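Order of the sequence lines sets the chain letters (A, B, ...), proteins ahead of strands, with each chain counted from 1. In this text, all values refer to a predicted model and were calculated from it rather than measured experimentally.
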2 protein chains.
Amino acid sequence: MSPDKLGSTFAALADPTRRAILARLASGECTVTELAAPFRMTMPAISKHLRVLEGAGLISRRREAQLRPCRLEAAPLKDVAEWAERYREIWEGRLDRLDTYLKELQTKETTHARKRRRK
Amino acid sequence: MSPDKLGSTFAALADPTRRAILARLASGECTVTELAAPFRMTMPAISKHLRVLEGAGLISRRREAQLRPCRLEAAPLKDVAEWAERYREIWEGRLDRLDTYLKELQTKETTHARKRRRK
DNA sequence: TAGTTAATTTACCTAGTAGTTAAATACGAC
DNA sequence: GTCGTATTTAACTACTAGGTAAATTAACTA
């Protein structure tokens, strides 16, 4: 489908209105009007946000009479969590010593290279 | 500082170039030139990306002679992971039955309400 | 002091996004 | 068919984002 699926997921999640919509949908399906209620925003604006969320695969919509109930699709959030998890050991600080070691090593090498060139 | 910290983190992560920069920084500090090397993009463009990452708290920079080594700051990624984790039970499908149940209940209620109104 | 390298700033362009209002569509009720 | 409700589309404005080229700052080198 679209390239950079993860990118479009992050882009969709960057807006607080859209994150609030997802939070609401976590407790079950909602119609567009229900989703719009908490916000001081017109319906078309909400409609656009829903389109973005749908484009990112974060929601799906069915037709039910005049209503368009929205449903949360959490699969892309799994991808987000898995992507972030790759950095866990870094934010937990486990690599601090290794990181510092590598940095110092790199600095030394650079310094040596310069000294050599200088001669 | 800035409102919607999580939002600016997601916005920063939405760009594939920036995610690649973070991946590179995961294995240690890099200078701007080193970070720019893999991309067909001018230095100012990279500079802007770094500014965005710094604004989101995802990197920090020091001064070392003419160089500006960048360092990954993974704390915001922890926030991202924790935010996404709230939806884990949904993407794992554990709530599927409950969700379906709630949906049906809601549909019935709506139908009843309509029938009642009709009378 | 002049020259080189590393990086940023400035100025500019293009395309996309978030919001608006007003009109159009889709469906059920009468 | 006509009316009312739910939702989307169209057209517009204001702002932001990603990119470029050219000028500028900062620090080392000779």
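For dT20(D), the OP1/OP2 oxygens have a side-chain nitrogen or oxygen of T42(B) closer than 4.0 Å. Phosphate proximity of dG19(C) to R40(A): absent, as no side-chain N or O sits under 4.0 Å from OP1 or OP2. The side chain of T33(A) contributes no N or O atom lying less than 4.0 Å from OP1 or OP2 of dA6(D). The shortest distance between the side-chain N/O atoms of H49(B) and the OP1/OP2 oxygens of dA17(D) is not below 4.0 Å. For the pair R61(A) and dT8(D), the criterion of a side-chain N or O lying under 4.0 Å from OP1 or OP2 is met. Between R68(A) and the phosphate of dC27(C), there is no side-chain N or O to OP1/OP2 separation shorter than 4.0 Å.
Between dT9(C), dT7(D), dG19(C), one nucleotide has an atom nearer to the side chain of S47(B) than all others, and that is dT9(C). Checking dT20(D), dT9(D), dA18(C) against the side-chain heavy atoms of P44(A) singles out dT9(D) as nearest.
Between R51(B) and E54(B) there is no salt bridge, since no side-chain nitrogen of the basic residue lies less than 4.0 Å from a carboxylate oxygen of the acidic one. Under the 4.0 Å criterion applied to side-chain N and carboxylate O atoms, E29(A) and R62(A) are assigned as salt-bridge partners. Using a 4.0 Å cut-off between a side-chain N of Lys or Arg and a carboxylate O of Asp or Glu, K48(A) and D15(A) do not qualify as a salt bridge. Comment: E92(B) does not engage K78(A) in a salt bridge, judged by the lack of any side-chain N to carboxylate O separation of less than 4.0 angstrom.
Residues L25(A) and I21(A) have side chains in contact (heavy-atom distance under 4.5 Å, counting atoms from C-beta outward). Using a 4.5 Å heavy-atom cutoff, the side chains of Y87(A) and L22(B) are in contact. L13(B) places none of its side-chain heavy atoms less than 4.5 Å from the side chain of R18(B).
Atom CD in E64(A) sits roughly 11 Å away from atom P in dT7(D) (whole-Å rounding). If you take CG of D15(A) and P of dA17(D), they are 12 Å apart, rounded to a whole angstrom. Nucleotide dA17(D) holds its P atom 17 Å from the CG atom of D4(A), rounded to whole Å. Between the C1' atom of dA7(C) and the CZ atom of F39(B) lies a distance of 17 Å, rounded to the nearest Å. Computed from coordinates, the I46(A) CD1 to dT17(C) P distance equals 17 Å when rounded to whole Å. Atoms CZ (R51(B)) and C1' (dA17(D)) sit 14 Å apart, rounded to a whole Å. We find that CG of L50(A) is positioned 14 Å from C1' of dA18(C), with the value rounded to whole Å. When the P atom of dA18(C) is taken as reference, atom CE of M43(A) falls 18 Å away, rounded to whole Å.
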Go through it in stages, so that I can follow the logic: the residues are T33(B) and M43(B), the test is side chain to side chain contact (heavy atoms under 4.5 Å, CB included), and I'd like the CA-CA distance, side-chain angles, deciding distance and then a yes or no. CA-CA 8 Å; T33(B) 306; M43(B) 290 290 287; 4.0 Å; yes

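Taking for each of K48(A) and P69(A) the nucleotide of DNA chain D with the nearest heavy atom, the 5'-most of the two is the partner of P69(A).
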What's touching nucleotides 24-26 of chain C from the protein side, N or O pairs under 3.5 Å?
none

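Using Watson-Crick or G-U wobble geometry with both donor-acceptor distances under 3.5 Å, dA30(D) finds its partner in dT1(C).
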